[in-house]
Amino acid sequence: MRLAAVESRNVTCQEPLPPIFWERALASNVWDADGNRFVDLGAGFGVAGVGHAHPRVVEAIAHQLARLPHAMGDVHPAVTKVKLLEALATRFPGGVSARSVLGSSGSDAVEIALKTALLATGRPGIVAFEGAYHGLTFGALEVTSRAFFRRPFASGLTGRGSFARFGDADDAVRAAREAKVPVGAVIVEPIQGRGGERVPPVGFLSRLRAVCDREGWLLIADEVYTGFGRTGRLFACDHEAVVPDLLCVGKALASGMPVAACIGRASLMDAWPPSRGEALHTQTFLGHPPGAAAALATLAVLEEEKLVERAAELGEYALGRLRAAAGAGVRDVRGRGLLLGIECDSPERAARACTRALERGVIVLSSGDDGRVLSITPPLSIERDVLDGALAILMECLQ
Ligand code: PLP
């Protein structure tokens with residue numbers, strides 16, 4: 001196969017079946033290279049919140065691309081970078097004054113948060129949670145929990161991440177006590193995404209906020225997956241009115257352009273020294289102009305089309321439907337907004353369902369440490385009848 005000849009073998013899985021090769025996408029639909037149409041129940045890893053190739057976003061990118069595809073992010077930046085930073089600041093939970101560092105991936109956002117926490121507290125230890133996924137770059141891997149990702153690189157990890165039970169704020173204190181180094185921050189996904197759509201008990205996040213305040217730790221909310229309406233609020237923290245110290249965002253922010261950010265309370269972000277000509281953290285594509293334009297258009301579409309409210313409504317409807325239809329082989333149906341999970345009785349059942357669904361024109365991925373959860377994270381704009389049809393197919397494929 002052409003791909004196998006040129007890509008490192010750890011990347012694209014080609015066994016037992018080859019993947020489909022995407023050729024184009026629009027709204028909730030994807031077409032492969034052979035012209036087959038699929039409904040995308042994953043929104044391309046949660047990126048296409050406003051739908052694939054939203055005309056408004058495409059136009060903003062095209063316009064920016066024609067005028068200025070690239071600037072000098074931390075030296076002579078593009079005007080769009082400033083606009084994006086302003087837009088992010090006004091959306092920080094609790095209306096607190098905020099500043100950001102931009103990146104290109106969710107892992108970048110997490111790296112920036114971990115660096116900020118170290119600068120602000122002087123303490124390198126981080127408490128994370130079992131099941132957490134914060135990315136695979138070396139810093140992020142310190143707080144990503146799955147052994148599959150960590151084991152081959154264990155000798156290169158510093159061990160400054162320690163893990164508490166997800167959903168148990170007091171267990172963070174136990175984890176900190178057992179940590180190898182003094183703890184400065186806690187990092188948490190308000191709802192675990194790749195960990196298997198795990199929704200913690202009500203009150204967990206506010207309890208965690210209180211524990212962090214008591215212990216002098218920063219609270220880092222990783223909303224790379226849950227952010228921008230996915231759970232039916234702009235940020236999942238908003239469900240409990242919790243204001244984090246640092247907020248990591250990416251994925252749906254720019255509808256497919258690689259843009260991410262660590263947004264933090266302004267006073268805290270001032271732990272970074274002023275740039276005197278050399279930025280302490282930057283990258284070539286920081287503030288990428290077409291990416292920033294895509295993000296601004298995405299934020300406008302989210303608001304104008306009321307997609308956050310839509311995610312809440314449609315999510316509740318889908319959850320009810322899935323619960324009513326769940327038969328033998330389904331252990332649990334859970335989620336919030338349009339971040340839904342169907343936990344199967346075995347990883348094999350989930351894998352079989354993904355394959356069968358693909359054959360019937362529905363793209364769905366599995367999540368959870370052993371892959372037994374089916375992730376339902378469609379575009380927030382998906383039409384109700386399209387969602388209905390795809391869920392009906394999926395439930396049949398589970399039998
Ligand atoms: N944090 C969370 C919660 C994620 O779900 C992900 C990716 O799935 C990441 C961080 C890493 O983002 P990226 O893959 O863009 O580096």
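When a ligand or atom number is given, it counts from 1 through the structure's own listing order. Computed from a prediction, not measured in an experiment: that's the story for all the values here. For the numbers below, each heavy atom of this structure counts, side chains included, while hydrogens, waters and symmetry mates do not.
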Check whether Arg321 reaches the backbone of Asp388 with its side chain - one donor and one acceptor, N or O, closer than 3.5 Å.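 Pair found, side chain donor or acceptor close to backbone of Asp388.
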List in chain and number order the residues that pass side-chain hydrogen bond (donor to acceptor under 3.5 Å, both in side chains) with Arg150, two or more places apart in sequence or in another chain; answer none if no residue qualifies.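 side-chain hydrogen bond (donor to acceptor under 3.5 Å, both in side chains) list for Arg150, sorted by chain: empty.
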Who are the side-chain hydrogen bond (donor to acceptor under 3.5 Å, both in side chains) partners of Arg165, not counting sequence neighbours?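 Arg165 satisfies side-chain hydrogen bond (donor to acceptor under 3.5 Å, both in side chains) with Asp168 only.
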Under a 4.0 Å heavy-atom cut-off, what residues line ligand 1?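 Those residues closer than 4.0 Å to ligand 1 by some heavy atom are Ser105, Gly106, Ser107, Tyr133, His134, Gly135, Glu189, Arg194, Asp222, Val224, Tyr225, Lys251.
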List the atom pairs, with distances to 0.1 Å, where a side-chain N or O of residues 251-261 and a protein N or O form a donor-acceptor pair under 3.5 Å, not counting sequence neighbours.
residue	atom	partner	partner atom	Å
Lys251	NZ	Phe45	O	2.9
Ser255	OG	Thr298	OG1	2.7

Quick test of your reading of the model: are Arg334 and Glu343 salt-bridged, counting only N-O distances below 4.0 Å?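 Salt bridge present between Arg334 and Glu343.
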Should Arg91 and Glu303 count as an ion pair when the cut-off is N to O under 4.0 Å?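 Salt bridge flag = yes for Glu303 with Arg91.
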